[in-house]
Amino acid sequence: MSPACIQNALGLAAGGVRVGRPVVHTVWRFGLFLTALCTALGPAHSQDLAPFDGRWHRVANQSNQARLESIEAAIADLSWVTRTMAGPILRRTTVPPERYVFRVDEDEIALGERGREPRPLLTDGSERRFDGDRGTVTTSSRRLAEAIETRWRTSQAHGSNTFRLEDGGATLVVESVLQITALSGIEPIRYETRFERTPAVSSPSQ
């Protein structure tokens, strides 16, 4: 496979890169596929999801070592040429978002990131599909014991993000899994990202 084909395939799978001409980013930087995630719309049972409510920002000075090591392990069996192309693309497109916003009320739970308004998130496991510039994306979300799991898949890749709370609800941990299927021989990429609550901004005293 030529270097151009490798870059194009990984760009399609991992969230979009410039290949020959500008392309529109319609999915997360794996992230993790925000558009795909937020198209799973509908009511959710949010009775015990209240602890997720709020704004969360990525913990500062957080080590990227686990993510980078997982990428290196995932592409270890590829040829040197393919690794040389795949490594930088995967390192760039798996950078976690800076922040998440959960909004929970009596009828639904909504999720947003990268400054976007939170959108209702369906958590009954049913699938939603939409057609974007990169083809058809299928998404689903479900409740786990003490977590929320979101899944997505395209013809080039599939993956998931699992959101759970630690430290008495003070820390949001996101477990990310990415499987590139555009190229054979790539193992799953797995890593965690930790977020902490963003303090509410108080109005200045009069």
Side-chain angles (χ1 to χ4, degrees), residues 14-15 27-71 74 93-128 137-153 157-179 188-203:
V27 293
W28 310 23
R29 287 186 311 162
F30 179 72
L32 353 196
F33 269 79
L34 175 68
T35 304
L37 174 66
C38 291
T39 54
L41 303 179
H45 300 290
S46 59
Q47 182 176 359
D48 54 348
L49 296 175
F52 285 92
D53 188 77
R55 298 179 179 272
W56 304 84
H57 61 275
R58 197 168 69 195
V59 173
N61 301 318
Q62 189 168 181
S63 174
N64 284 312
Q65 193 63 30
R67 177 173 64 89
L68 299 179
E69 289 180 353
S70 183
I71 292 172
T93 56
T94 57
V95 174
E98 289 292 333
R99 58 187 59 85
Y100 282 105
V101 178
F102 277 96
R103 183 176 297 165
V104 181
D105 60 28
E106 294 181 355
D107 299 316
E108 67 182 18
I109 180 170
L111 174 63
E113 60 103 353
R114 303 185 196 282
R116 296 178 175 86
E117 185 69 15
R119 297 184 180 185
L121 185 65
L122 189 67
T123 58
D124 64 358
S126 59
E127 292 188 341
R128 294 290 184 270
V137 181
T138 302
T139 67
S140 64
S141 302
R142 62 173 181 160
R143 286 293 314 279
L144 301 179
E146 296 181 351
I148 302 170
E149 180 190 67
T150 64
R151 291 180 174 270
W152 56 267
R153 71 175 184 270
H158 59 83
S160 66
N161 287 314
T162 302
F163 301 83
R164 73 175 191 275
L165 298 176
E166 292 186 354
D167 304 326
T171 302
L172 175 69
V173 180
V174 183
E175 300 177 16
S176 300
V177 181
L178 170 63
Q179 176 66 71
I189 298 169
R190 306 173 186 272
Y191 57 94
E192 288 188 355
T193 310
R194 304 179 74 83
F195 296 79
E196 57 189 4
R197 289 189 183 275
T198 302
V201 178
S202 301
S203 301

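No hydrogens, no waters, no symmetry mates; every other heavy atom, side chains included, goes into these values. This chain uses plain numbering: 1 for the first residue, then up along the sequence.
Residue pairs meeting the salt bridge (Lys or Arg N to Asp or Glu O under 4.0 Å) criterion with at least one partner in residues 50-59, sequence neighbours excluded, are R58-E98.
Here CZ of R190 is found 11.5 Å from OG of S176. Values are rounded to the nearest 0.5 Å. Taking CG of N161 as the reference point, atom CZ of F163 lies at 5.0 Å (rounded to 0.5 Å). For the atom pair CD (E149) and CD (E175), the distance works out to 9.5 Å, reported to the nearest 0.5 Å.
Residues satisfying the side-chain contact (heavy atoms from CB on, under 4.5 Å) test with E69, not counting sequence neighbours, are Q65. Under the rule for a side-chain hydrogen bond (donor to acceptor under 3.5 Å, both in side chains), the partners of R103 that lie at least two apart in sequence or sit in another chain are E117. Looking at residues two or more places apart in sequence or on another chain, you find a side-chain contact (heavy atoms from CB on, under 4.5 Å) between A147 and L144, T162, R164. By the side-chain contact (heavy atoms from CB on, under 4.5 Å) test, L165 pairs with P51, F52, W56, L172, sequence neighbours left out. Residues meeting the side-chain hydrogen bond (donor to acceptor under 3.5 Å, both in side chains) test with R197, sequence neighbours left out: none.
At a threshold of 4.5 Å between non-hydrogen side-chain atoms, the residues V174 and Y191 do not count as touching. Side-chain contact between L49 and R143 is present, with heavy atoms from C-beta onward closer than 4.5 Å.
Of all heavy-atom pairs spanning S126 and S140, the tightest one is O-CB, 3.6 Å.
No donor-acceptor distance shorter than 3.5 angstrom exists from the side chain of S70 to the backbone of I189, with no hydrogens or angles considered. Counting only distance, with no hydrogens or angles, the side chain of H57 and the backbone of F195 share no donor-acceptor pair below 3.5 Å. Using a distance-only test at 3.5 Å, with no hydrogens or angles considered, a donor-acceptor pair links the side chain of Q62 to the main chain of R194.
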Walk me through whether I148 and L111 qualify under side chain to side chain contact (heavy atoms under 4.5 Å, CB included). CA-CA 11 Å; I148 302 170; L111 174 63; over 6 Å; no

Go through the steps to decide whether R67 and T94 satisfy the test side chain to side chain contact (heavy atoms under 4.5 Å, CB included), and finish with yes or no. CA-CA 8 Å; R67 177 173 64 89; T94 57; 2.9 Å; yes

